[in-house]
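Please read the structure below before turning to the comments.
In what follows, every heavy atom counts, from backbone to side chain, and hydrogens, waters and symmetry copies are set aside. Proteins come first, then strands; the chains are lettered A, B, ... in the order of their sequence lines, and each starts at number 1.
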Amino acid sequence: MRTLNCNNQPLLSGFTLSFCLYGAVAFAQASEPNNSINPWDDAALPVHTDAALLEGELDKTTLLKLLDQGEALFNAAFTTQDGVGRPMATQAIIPTKRKRAAREEFSRTAGLDASACSSCHNQPAIGGAGDFVANVFVSEGFQLADFDTTDPQFSNERNTNHLFGAGLVELLAREMSTELAKLRQTGLALARSTGETTTVDLVTKGVNFGKLDIHPDGVVSTKRLEGIDTDLIIKPFSQKGVITSLRQFSVNALNHHHGMQANERFGPRWTGTDDFDEDQVTNEISDADVSALVLWQATLQPPTVETDLPASWTAAAARGSKKFDEIGCNACHQRTLPLDSLVFADPGPMDAAGTLRTGENGATNNTVYDLALLDWASRLEKDAQGRWLVPLFGDLKRHVIADNKVDHLGNELLSQRFVERNVFMTSELWGIGSTAPYGHRGDLTTLVDIISAHGGDARDSRDVYVKLNETEKSDITAFLKTLVIKP
Amino acid sequence: MSVVAESEPMAFHADVPIYAEEASAAGLTIQYDGPWEYFVGGGVATFDCNADRIPDVFIAGGANESALFINRSETGGTLAFEKSTQQSTSIERVTGAYPINIDNDDWIDLVILRVGENQLLKGGPNCTFTQANASFGFDGGSAWSTAFSATFENGQSHPTLAIGNYVDRTAPGSPWGTCEDNQLLRPLNNDNNQANYSEPLTLSPGHCSLSMLFTDWNKSGKEALRITNDRHYHRGGEEQLWNISSGKYPRLFTRADGWQSLVIWGMGIAEGDLNADGFPEYVLTSMGDTKIQTVDVVQASEEQRPVYEDIAYQRGATAHRPYTGEDLKPSTGWHAQFADINNDTLLDLYIAKGNVERMEDFARFDPDNLLLGNHDGRFVERGDKAGIALDRRGRGASVTDFNADGLLDLLVVNRGAPVSLFRNTGFASEHGPRQGGNWLAIELKQNGINRQALGAKLAIKTGNKTQVRHIKLGGGHASGQLGFVHVGLGVAERATVRVQWPDGEWSAAFRLFANHFAVIERGDAHVSYWYPPTAQE
């Protein structure tokens, strides 16, 4: 097996990864070295992250040091000594017991399906996207949890997303969700004070999420919502847009892909046992471990625009950029969304029980870090109001993406977390030049293919695109391929 | 979930609520007291009387006047109540009260149980009530009433009422062996569709009932009337289950039907479906050990035989003596109520406790129980840690979210002492109070008759787990409630909910997000959410 080390260099996994993590551990436990740890031990996580380091507002020095720990965790090839395996638990996000242990612990379909986060998130660098071979098979994990087929009756096959700029994405979602809640609250106050039903237009950062009809008795009808759940919380992660936070995503994925169960959801408080998966390993992932993982992901620099290009490419990209807007791609793939603050708090404000919440452990693990401390932040543009412009090429909204005539992207059979099968969150296009293949299944190899596969709400723009001449299509490709990840 | 009596109990790691007692500060100043007739009773009706969806309370005073308190609590804040000044709700000789919508209008009515003439109060706007015995054709009688339940029988436009009575004080030899009969009041059909209860049926024999509950005991869709009785006064009596199949004269289940004699100091009934199989379990409070009865499912479903087993010991819920203090004498249990108080998806059990008056053979210091459900199916006592172990004689009670924050608060009517009002301030941790599990609160609405959907069942699914709730009115100890149904969701952030409406029709599946108040209206394919007012409004 080959993988990537802390410096993003391919090396043999076991020794090198352990070495990487030990570096972080040495930092985390600097005041009290653990002499019982050998560099050749199989455990990738012999010592948990020191929670004390994650308290309060982090300065740049501490932030950068914690990045090492987070990266080591993201890169760690977990072993059974760490707690890999969930013989009596399924991949479900709600702790769910199996009736009997799976015959094979590792399974390319139902999981366990990876040793490390970076096993899949590695294109073009750790934290990146994945090739088709790194697809994941998403099922609820409640019934038929041990499916051993890729038949779409049992799971939705999904390509691996990249995580670059993920902290900015989560901050945008938080601000938008907060504003939507305020709009709802303002509507409630108006309806109650006037005694009349009030209609609220749910527009935040220029994105329209439909309307609420609010009655004077405080009852809110959500029938006219568009592209968002009825709780008005934008869930910016996953192809489907159903994961609230990097923290929630990390806890889900650790269990699903590695059988590493985080205390904050699978621990005794919620399950009554410290070994819910019955693998004889307790305390597999601490709250601080998740925090370090989140920190590393949240601080990943956003993708950028490649400018070191031949003149012909630069010219074509300029034309393609213009055409991108002319045919309406930017209606959903909005070039930028404005962000008021770069201050990232973990835990965040939108998660529910089962993902650590603000103040849940007192001061412990309440971490705040300003992404502006990172060098890449200075490269973000600002608008006239001083807001950072996040160039994500997305709207953090769900749309119908397939129809009867253009149906390739309607290739799933299972809805996911109340979201219908042909509805997906607008894919953020930043970094798309570095993350082929395309589509939520990763089964489209060219940009022409993926654009042409847009149906549903994107059908009109797609039809215009299809009718463009080859030069115009090539220009759009030239433009999109300038949106790259440059770690 | 399996329970083995001999196995070592599982360690308890779930959340324990931190209750703050704030009755006085909240303005809930009333005391249930009085002579012998008020050794029992002490009920509270919890319901919304002004259409703001915040629960108000009517509290019995015994020899003192009862009172209606309007809930003025801020959302998520400290509790506050305003005492109503209207005369119609200031009544002496009240033992208990239950809220019910008798006439299918926009306002909840009240059934007032008394030592003497019972009263029906018709609800109106803004928590106004008018005496309505005459207009409902209801003869309040002169008995000592202590129990109530209601149901909507098939084809009826108004609820069927059952009233349980205690000792007949006028009979020769009273009080020993002189139990009053109970009553079943079916609404009469009439042309103007007005509720009329002028032809009550007698449920005889009565065995000095202290709680009663209409219940679909065998998942048949037909309700029977379960009555718990006080052996202290009856002679030859026992617990009862009345077959009240619609339109027929009530008939007791007998030995031939499988009913087994159980003789206890029956004080209160709580119904809950511990294993979500549709066959309810029943808590029966008593002096000494509490019972939890579960039915033999095969006999119940295939032969309609009500054969019960007591599982209180297996479940660690006998609660037979005080769990704190030095007193080893047996406890005296009264109101019982199942609810998921710590929002972990497991039903918890609250029991009000307190010596009858000065019964020397029973514990004098007898704190209320907070039995929290554990993952091995047992209950674990945490009343002291939760802060409810006061030296008071509890009677009726209400486990309700009084400040619309998703956390269940607790109101206890005590004999000879002020009511206790415990606000749930969060859950204990080494760092202080913290948030608990996810939750849902669900209101069901129907147009026309039975607007509050009495008799409906809710199936709440999260992952592979299903929880069941029934919309019931009755049981407890002289106390009942209407309003949102609370469900703990643990770490689930969403739930799928189906409703079986009272006529048996199942709804489609509703998709709900956690930590919301949801309003499900029959015929509407969409769920609406309700948001309580904020301090800023």
Side-chain angles (χ1 to χ4, degrees), chain A residues 90 92-97 140-143 145 181 184-190 192-193 212-215 217-223 229-233 235 242 244 248 251 264-274 351-355 357-364 415 417-418, chain B residues 10-15 51-54 342-346 374-376 404 426-427 429-439 443 445 461-465 488-494 496 511-519 521 524-534 536-537:
Chain A
T90 77
I93 59 172
I94 300 171
T96 301
K97 285 281 189 187
E140 286 189 319
F142 299 125
Q143 295 178 328
R184 179 179 59 205
Q185 192 54 49
T186 302
L188 280 160
L190 183 63
R192 282 191 170 108
S193 64
L212 289 178
D213 297 304
I214 303 178
H215 303 287
D217 63 355
V219 171
V220 176
S221 169
T222 58
K223 292 177 185 175
D229 288 328
T230 54
D231 60 1
L232 302 190
I233 293 177
K235 304 175 179 72
V242 291
T244 302
Q248 185 189 29
V251 172
E264 63 192 70
R265 188 179 306 159
F266 296 88
R269 182 184 179 197
W270 301 117
T271 64
T273 172
D274 56 6
D351 279 309
T355 303
R357 292 162 292 181
T358 307
E360 199 158 2
N361 284 349
T364 308
S415 64
R417 302 195 203 179
F418 298 173
Chain B
M10 191 176 188
F12 183 81
H13 300 285
D15 282 343
D52 63 358
R53 288 190 167 84
I54 306 289
N342 58 358
N343 291 336
D344 66 352
T345 76
L346 302 172
N374 203 3
H375 292 272
D376 61 357
F427 298 93
S429 80
E430 58 184 306
H431 308 291
R434 63 179 174 185
Q435 302 174 77
N438 299 317
W439 54 274
E443 176 188 290
K445 288 177 69 176
K461 185 170 180 294
T462 51
N464 282 345
K465 184 181 183 78
L489 299 184
V491 299
E493 55 181 1
R494 53 178 71 76
T496 303
R511 295 166 164 183
L512 298 178
F513 284 88
N515 308 324
H516 278 84
F517 294 87
V519 178
E521 189 161 359
D524 191 341
H526 289 82
V527 180
S528 295
Y529 289 129
W530 173 75
Y531 292 88
T534 62
Q536 290 75 35
E537 289 180 27

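The side chain to side chain donor-acceptor pair (under 3.5 Å) test applied to A/Asp351 returns A/Ser245, not counting sequence neighbours. Residues meeting the side chain to side chain donor-acceptor pair (under 3.5 Å) test with B/Ser429, sequence neighbours left out: none.
The candidate with the highest count of non-hydrogen atom pairs below 4.5 Å against chain B, out of A/Leu188, A/Thr358, A/Asp229, is A/Asp229. For chain B, the option among A/Glu360, A/Gln143, A/Arg184 with the highest count of heavy-atom pairs below 4.5 Å is A/Arg184. Ranked by non-hydrogen atom pairs under 4.5 Å with chain B, the options A/Pro268, A/Gly354, A/Gly267 are led by A/Pro268. Interface remark: of the candidates A/Thr355, A/Ile94, A/Thr230, A/Thr230 forms the most heavy-atom pairs closer than 4.5 Å to chain B. Interface summary for chain B: among A/Lys97, A/Gln185, A/His215, A/Glu140, the most heavy-atom pairs under 4.5 angstrom belong to A/Gln185.
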- Item | Test ring pair (Phe, Tyr, Trp, His ring centres under 6.0 Å) applied to B/Tyr531 and B/His516, step by step | CA-CA 8 Å; B/Tyr531 292 88; B/His516 278 84; 5.7 Å; yes

- Using the salt bridge (charged side-chain N to carboxylate O under 4.0 Å, His left out) rule, take A/Asp217 and B/Arg53 through it: C-alpha gap first, then chi angles, then the decisive distance, then the call. CA-CA 9 Å; A/Asp217 63 355; B/Arg53 288 190 167 84; 3.2 Å; yes

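Judged by distance alone, with hydrogens and angles left aside, the side-chain atoms of A/Arg265 form a donor-acceptor pair with the main-chain N or O of A/Ile93 at under 3.5 Å. Put simply, the side chain of B/Asn438 gets close to the backbone of B/Gly490: a donor and an acceptor are under 3.5 Å apart. In this structure, the side chain of A/Lys235 engages the main chain of A/Ile233 through a donor-acceptor pair within 3.5 Å. A donor-acceptor pair under 3.5 Å is formed between the side chain of B/Asp344 and the backbone N or O of B/Leu346.
Heavy-atom distances place the backbone of B/Leu512, and not its side chain, under 4.5 Å from chain A. In this structure, the portion of B/Asp524 lying under 4.5 Å from any heavy atom of chain A is its side chain and not its backbone. Residue B/Thr345 does not touch chain A at all, counting heavy-atom pairs closer than 4.5 Å. At a 4.5 Å heavy-atom cutoff, the contact between A/Thr271 and chain B is made by backbone atoms alone. Heavy-atom distances place both the backbone and the side chain of A/Arg417 under 4.5 Å from chain B. Residue A/Arg192 touches chain B through its side chain alone, counting heavy-atom pairs closer than 4.5 Å. When heavy atoms are compared at a cutoff of 4.5 Å, B/Ala492 approaches chain A by way of both its backbone and its side chain. Heavy atoms closer than 4.5 Å to chain A are found in the backbone of B/Pro532, but not in its side chain.
No side-chain N or O of B/Tyr529 forms a donor-acceptor pair with one of A/Thr222 less than 3.5 Å apart.
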